[in-house]
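Shown next, in C-alpha cells, is the structure this report addresses.
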Protein chains: 2
Amino acid sequence: MLSNACKYAIRSILYLAINSSEDNKIGVKVIAEELETPQPFLAKLLQQLTRDKLVSSTKGPNGGFYLDSKNRKNAIWDVIISIDGTGKFDNCFLGLAKCDDRNPCPVHFIVAPFKDKILDSFRDKTIDEYVVEIKNTNRVISLKDLDLFEDEES
Amino acid sequence: MLSNACKYAIRSILYLAINSSEDNKIGVKVIAEELETPQPFLAKLLQQLTRDKLVSSTKGPNGGFYLDSKNRKNAIWDVIISIDGTGKFDNCFLGLAKCDDRNPCPVHFIVAPFKDKILDSFRDKTIDEYVVEIKNTNRVISLKDLDLFEDEES
DNA sequence: ATAAAAAAAGAGATTCTTATCTTAAACTCG
DNA sequence: CGAGTTTAAGATAAGAATCTCTTTTTTTAT
C-alpha cells in the first residue's frame, strides 16, 4: 500500500512535528537513529520533502530539519503524494485495472470502507491536529517510545 | 500489502475455481489472456501453487491446470502463504517493527479492524465458499467480465 | 513417433532500497 | 573579516528485490 520510503517519510514528519522547532533543528543522523531507519536513505527523503516545502531545513552548525508553522498545516496525504505519488493508494487490492463500486472485485467492499477511513485520517487532518491526537492517545512512532511492561512489579 | 505475484495467484485460483474442472483443464496461455497477466510469470506462479497442492495440473495434450475437490477446500490464505509468505500481511502500516494494541502506531486502530475483516474473508472461507459468494454477488476478477454500461441506450 | 502442454532453470529488465562521495551553504571563533 | 567546522544538498552508483521473458526438458495423449 505504501512504500518503505513513504513510511519512513511519514514517521519522520511526525517525529519532527513532535520534537523539532525553529529553535531546535534536528540532523538526519539523530532522526535516523531515533526512528531506526537507514540514514542515507532518509536524508534523500528529507531532501525531497524539503523541496516540496513539507519540511524546513537550514545548513551549518545547529542546522538541521524542522517544521515551521506553515509546514504544520499540511496533511500526511501531502507526504504520500510527495514520496509515492498518488497512484498506489487507489489501486485495487487484487490488482484489477478497473475495480469500483459498480464493478467490484471480490474484496472491494471490504477494502473500500477502510480506504475511506484512512483517507479521512490522512487527508483531512493537519500535521498539527495529528500530533495532538498522537499525544492524547499515546501513540508510538519509533521503538524508542515503546511501553514494554516487561519488568513491572510494583 | 500483497505482491503483484500474489494478486495474480489469487485471481488465477478464483478463475480456475469458477471455470475449470477435472474434465476441463485450462492452459496457462488461456488463463493469462483472460486475466490479462504476463504469461510466463503466471506460469511460474502456477507451478509454485501446484507444488504446494493448491492447484492440480497434468501435462501433455488436453493437459492444463484445474482444481480438484480437495483443492477447493483450501482458503485464499493458503495462496498468500504459498506466494508471499505469512509476513507481509501482519506488518504495521507505518513500518514499525513492533506495533500492536498495546503499543499502537498512529493509525493502528484504523488498520486493525480492516485486517481482521479481510482475514476473516481470506482465512475462514474455502475457495468453494468464496466462489459461491462471488457468483451470488456478481463480483469481477478480470477485465473480461466487466459490466461497462458504456453505450446503453435501451 | 509426434504433438501438446506443464516443469524447470535461468537470463534480463526494472524498480526499490541503501551507501558513498562531493559540493554548497551557514554558522562560529579567532 | 576569514578560516574552519558543521550540516544539508546533490550526484552517482551499488545492491537487493521484484517482475518479465526465453529456452530446454519432461510428461502424456493420440
Side-chain angles (χ1 to χ4, degrees), chain A residues 1-12 16 20 22-33 35-68 71 80 82-85 87-88 91 95, chain B residues 1-12 16 20 22-33 35-68 71 80 82-85 87-88 91 95:
Chain A
M1 194 85 85
L2 296 175
S3 67
N4 279 342
C6 198
K7 293 173 185 174
Y8 293 160
I10 292 172
R11 292 206 282 137
S12 309
L16 287 172
S20 79
E22 321 229 0
D23 307 323
N24 183 30
K25 296 157 191 169
I26 307 179
V28 205
K29 203 176 157 188
V30 173
I31 305 175
E33 273 167 11
L35 300 182
E36 295 185 303
T37 60
Q39 205 241 70
F41 192 42
L42 191 62
K44 221 175 181 178
L45 294 172
L46 287 169
Q47 283 166 31
Q48 171 70 26
L49 294 175
T50 304
R51 270 194 296 277
D52 286 351
K53 312 257 190 251
L54 298 173
V55 317
S56 306
S57 70
T58 58
K59 302 176 180 180
N62 293 320
F65 296 92
Y66 63 100
L67 298 195
D68 63 21
N71 299 142
I80 295 175
S82 171
I83 302 297
D84 272 356
K88 273 184 192 162
N91 288 341
Chain B
M1 194 85 87
L2 297 175
S3 67
N4 280 341
C6 198
K7 292 172 185 174
Y8 293 159
I10 292 173
R11 291 206 283 138
S12 308
L16 287 172
S20 79
E22 322 229 0
D23 307 321
N24 182 30
K25 296 156 190 171
I26 306 178
V28 206
K29 203 176 157 189
V30 173
I31 305 175
E33 273 167 13
L35 301 182
E36 295 186 303
T37 60
Q39 204 241 73
F41 191 43
L42 189 64
K44 230 176 181 172
L45 294 172
L46 287 169
Q47 284 164 30
Q48 170 70 26
L49 293 175
T50 304
R51 271 195 295 275
D52 287 350
K53 311 255 190 254
L54 298 173
V55 316
S56 306
S57 70
T58 59
K59 301 178 182 181
N62 292 319
F65 296 93
Y66 64 99
L67 297 195
D68 64 19
N71 298 143
I80 295 174
S82 171
I83 303 296
D84 273 356
K88 275 185 191 161
N91 287 342

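Note: hydrogens, waters and symmetry copies are ignored here, and every other heavy atom, side chains too, is used. We name chains A, B, ... by the order of the sequence lines, and we start the count at 1 in each one. All values derive from a computational prediction rather than experimental measurement.
Put simply, OG on A:S57 and CG on A:L67 are 11.0 Å apart, with the number rounded to the nearest 0.5 Å. Between the CG atom of B:D84 and the CE atom of B:M1 there is a distance of 11.5 Å, given to the nearest 0.5 Å. Separation of atoms CZ (A:R11) and CG (A:L42) is listed at 9.5 Å; rounding is to 0.5 Å.
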Would you be so kind as to tabulate the donor-acceptor pairs closer than 3.5 Å made by side chains of residues 22-30 of chain A, with sequence neighbours excluded?
residue, atom, partner, partner atom, Å
A:N24, ND2, A:N19, O, 3.1
A:K25, NZ, A:T58, OG1, 3.4

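Out of C:dT18, D:dT20, D:dA8, the shortest distance to the side chain of A:V28 is found at D:dA8. Set against C:dT28, C:dT18, C:dA19, the side chain of A:P40 has C:dA19 as its closest nucleotide.
Residue contacts shown for B:P38 are limited to sugar-phosphate atoms, with no base heavy atom under 4.0 Å away. Here B:I83 lies out of heavy-atom contact (under 4.0 Å) with every strand. Among the atoms of the strands shown, none is found under 4.0 Å from any heavy atom of B:L42.
A:L45 places its CG atom 14 Å from the P atom of D:dA8, with the value rounded to the nearest Å. In this structure, B:K25 atom NZ and C:dA7 atom P are separated by 12 Å, rounded to whole Å. Look at CG on B:N62: it is 14 Å from C1' on D:dT27, rounded to the nearest Å. For the pair B:E33 CD and C:dA5 P, the interatomic distance rounds to 12 Å; values are reported in whole Å. Computed from coordinates, the A:K29 NZ to D:dT6 C1' distance equals 12 Å when rounded to whole Å. As a whole-Å value, the separation of B:F41 CZ from D:dT22 C1' is 15 Å. As a whole-Å value, the separation of A:I26 CD1 from D:dT6 C1' is 16 Å. Straight-line distance from the CG atom of B:N4 to the P atom of C:dA13: 20 Å, rounded to whole Å.
For the side-chain hydrogen bond (donor to acceptor under 3.5 Å, both in side chains) test, residues two or more places apart in sequence or in another chain that qualify with A:Q48 are A:R51, A:D52. Contacts of B:S56 classified as side-chain contact (heavy atoms from CB on, under 4.5 Å), with partners at least two apart in sequence or in another chain: B:Y66, B:D68, B:N71. A search for ring pair (Phe, Tyr, Trp, His ring centres under 6.0 Å) contacts involving A:Y8 returns A:F41, not counting sequence neighbours.
Considering all non-hydrogen atoms of both residues, A:L2 and A:K7 come closest at O-CE, 3.6 Å.
Look at A:Y8 and you'll find a side-chain N or O under 4.0 angstrom from OP1 or OP2 of C:dT18.
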Polar atom pairs (N or O), protein with nucleotides 12-16 of chain D, under 3.5 Å:
residue, atom, partner, partner atom, Å
D:dT12, O4, A:K44, NZ, 3.2

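Two residues are said to be in side-chain contact when any heavy atoms from C-beta on lie closer than 4.5 Å; A:L45 and A:S12 fail this criterion.
Against DNA chain C, the stretch residues 47-61 of chain B makes heavy-atom approaches under 4.0 Å through B:Q47, B:T50, B:R51, B:S57, B:T58, B:K59, B:G60, B:P61.
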